[in-house]
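As structure tokens, the structure follows; a few thoughts come after it.
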Amino acid sequence: MSQRKSAVILGAQWGDEGKGKIVDVLSEKFSVVARYAGGHNAGHTVIIGGKKFVLQLIPCGVLRPECKGVIGNGVVLDPMAFLSEVKKLRDAGLPIDGQLFVSNRAQVILPYHRMIELAAENAPGRTKIGTTSRGIGPAYEDKMHRSGLRVVDLLNSALLRTHIENACHEKNTIAAALFGTAPLDPKAMYEEYARAAEQVAPFVTDTAVMLNEALRSGEKVMFEGAQGALLDIDHGTYPFVTSSSSTAGGAVTGTGVGPTSIGTVIGVTKAYVTRVGEGPFPTEIHDDSATLLRARGQEYGAVTGRPRRCGWLDLPLLRYSNMINGTEWLVVTKMDVMDECVEIPVCTGYRINGKLTDTIPADMRGYESIQPVYTKLPGWNATTEGITEFDKLPKRAQEYLQFLERESGAKIGMVSTGPDRSQTMTLPEFDAELKA
Ligand code: GDP
Ligand code: IMO
Ligand code: MG
């Protein structure tokens with residue numbers, strides 16, 4: 001990436017692909033890591049020498065003291081969640097002051113966002129999305145409605161007071177009328193958030209200026225995606241999506257750099273697929289294999305603890321994800337989780353109403369009638385845990401990866417064989433690019 005000093009790293013499916021681990025490994029080669037979308041609905045797990053960190057809002061790059069972290073304008077920031085994460089890092093001996101920066105243009109999540117979301121999710125007659133209940137959707141609604149509060153406004157106490165008074169009155173009225181919800185107290189809310197604002201203030205800056213200066217001076221910048229391509233508000237399995245642009249385009253609008261600044265796009269995919277929450281999942285399985293994957297992969301949500309739905313690798317979905325993101329490199333995680341699978345079905349196409357296709361349908365009825373077409377690959381039935389060289393993988397594991405690469409249309413750059421930072425292999429061509 002000598003000519004190309006930046007990379008977007010994102011989830012190729014419905015989130016939890018292992019982005020956190022991979023961002024942590026790669027951040028050694030980058031000066032800045034910037035989050036561009038979502039909020040504390042994300043849960044990015046990093047394990048370093050057995051020590052576990054789960055980051056929700058703060059980019060995983062900050063776990064390396066020499067790497068700066070940026071929370072971009074595309075993120076929705078819950079000040080309380082932010083401050084509690086900052087405290088957790090400080091308590092773990094990571095003094096992130098001077099290392100972490102928050103965009104003055106990021107939107108703020110306030111308690112009435114969570115109130116509205118919880119009430120709406122549980123209201124009769126509504127389509128339940130199975131959200132993380134963090135107020136993400138309602139905060140993005142306010143942003144698009146042009147009635148949100150930005151971080152820069154959070155720091156202006158007069159503006160904050162008026163905003164909370166007006167917005168709280170409006171949201172209380174809506175929530176009471178639609179859902180019978182008890183009102184929130186705007187005075188207490190203002191006092192709590194004014195105090196929080198003082199603690200957030202030292203982190204706040206114009207991060208777009210900072211990122212563009214970094215790029216201009218030749219520093220390497222990584223854009224850390226949250227969620228996954230199929231949870232993207234435009235390109236995902238709508239309405240069972242999150243409310244932000246989690247795909248590569250979001251890195252541009254969510255941080256304030258131009259599209260010409262993006263050097264490459266790295267998609268992280270599990271060797272199989274998982275999903276949390278409601279919505280279509282063509283290759284979902286419910287048999288013993290699902291139990292095996294969930295147990296071996298510890299497939300429980302990092303944020304909500306919910307069991308993740310498990311299924312086989314879906315190549316039409318991965319090709320679609322690669323297409324909308326312009327993915328050049330793939331990172332395949334959790335190979336070790338499949339070590340005990342006797343046979344591994346991989347979905348190579350869909351049959352929809354008798355017709356063979358590999359196009360993702362736009363409407364839910366299309367998803368409901370998908371019958372996945374599988375190619376069965378033999379399992380390798382040997383341990384891959386901790387292997388860091390491709391040639392040392394069992395032959396059938398190598399063949400599985402080669403099949404995935406051939407069929408997905410993107411090059412495999414890295415393979416992960418365990419949750420720890422050290423349990424990772426970087427393939428030669430990708431390694432050469434990183435070093436360039
Ligand atoms: P993210 O949201 O994409 O960062 O992913 P999560 O952290 O929510 O979920 C991924 C889970 O898989 C975490 O518990 C990681 O520690 C774990 N993990 C990542 N890579 C591997 C791997 O190669 N093998 C195994 N067994 N676990 C992994
Ligand atoms: P990371 O970054 C997996 C899912 C929720 C729900 C839908 C909408 O850790 O991969 P929201 O609270 O965003 O309005 O919920 O999106 N979801 C995730 N699933 N990983 C995530 O983040 C997710 N963030 C949101 O489960 O189905
Ligand atoms: Mg996660």
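Atoms within each ligand, like the ligands themselves, are counted from 1 in listed order.
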Q) If you measure from each non-hydrogen atom of Arg134 to ligand 2, which part falls under 4.0 Å: side chain, backbone, both or neither? A) neither

Q) Should Arg296 be counted as touching ligand 1, given the test is an N or O pair under 3.5 Å? A) no

(Q) Any atom of ligand 1 sitting under 4.0 Å from a heavy atom of Arg308? (A) yes

Q. Short list, please: which atoms of ligand 1 are under 4.0 Å from a heavy atom of His44?
A. 1 (P), 2 (O), 4 (O), 7 (O)

Q) Hey, what's the angle at the Mg ion (ligand 3) spanning OD1 (Asp16) and O (Gly43), nearest 10 degrees? A) 170°

Q. How far is atom 6 (C) of ligand 2 from its nearest protein heavy atom, and which residue and atom is that?
A. Gly130 O, 3.2 Å

Q) Should Leu77 and Ile71 count as side-chain neighbours, where that means a heavy-atom distance under 4.5 Å? A) yes

Q. Out of Val54, Asp420, Thr45, Val415, who gets a non-hydrogen atom closest to atom 7 (O) of ligand 1?
A. Thr45

Q | Lys/Arg N to Asp/Glu carboxylate O, Asp420 vs Lys52, below 4.0 Å | A | no

Q) Can you tell me the protein heavy atom closest to atom 4 (O) of ligand 1 and the distance? A) Gly20 N, 2.8 Å

Q.
Less than 4.0 Å is my threshold; does some heavy atom of Gln298 fall inside it relative to ligand 1?
A. no

Q: Report the residue from Lys270, Arg294, Arg306, Arg309 that forms a side-chain hydrogen bond (donor to acceptor under 3.5 Å, both in side chains) with Glu299.
A: Lys270

Q: Report the part of Phe240 (side chain from C-beta onward, or backbone N, CA, C, O) that has a heavy atom under 4.0 Å from ligand 2; answer both or neither where that applies.
A: neither

Q.
Tell me the contacting part of Thr304 for ligand 2: side chain, backbone, both, or neither, using a 4.0 Å heavy-atom threshold, strictly below.
A. neither

(Q) Quick check on Gly228 - does any of its heavy atoms sit under 4.0 Å from an atom of ligand 2? (A) no

Q) Taking atom 6 (P) of ligand 1 as the point of reference, which of Ser416, Gly43, Ala12 owns the nearest heavy atom? A) Gly43

Q. Are Thr388 and Gln423 side-chain neighbours, meaning at least one heavy-atom pair lies under 4.5 Å?
A. no

Q: Check Leu231 against ligand 2 and report side chain, backbone, both or neither, counting heavy atoms closer than 4.0 Å.
A: side chain

Q: Only heavy atoms count here, so choose which of Ile233, Leu10, Val276 is nearest to atom 27 (O) of ligand 2.
A: Val276

Q. Does ligand 2 have a heavy atom under 4.0 Å from the side chain of Arg275, from its backbone, from both, or from neither?
A. neither

**Q.** Gly15, any N or O under 3.5 Å of ligand 1 N or O
**A.** no

Q. If you count the atoms of ligand 1 from 1 in the order shown, which ones are under 4.0 Å from a heavy atom of Val337?
A. 26 (N)

Q: Compute the minimum heavy-atom distance from Gly43 to ligand 2 and say whether it is under 4.0 Å.
A: yes

Q: If you have a sec, work out which protein heavy atom is nearest atom 20 (N) of ligand 2 and how many Å separate them, to one decimal?
A: Asp16 OD1, 3.1 Å

Q.
Whether Glu340 and Arg296 form a salt bridge (side-chain N of Lys/Arg under 4.0 Å from carboxylate O of Asp/Glu) is what I want to check.
A. yes

(Q) Checking His40 against Glu85 for the side chain to side chain donor-acceptor pair (under 3.5 Å) test, could you report, in this order, the C-alpha distance in whole Å, the side-chain angles of both residues, the deciding distance, and whether it holds? (A) CA-CA 10 Å; His40 64 313; Glu85 217 172 310; over 6 Å; no

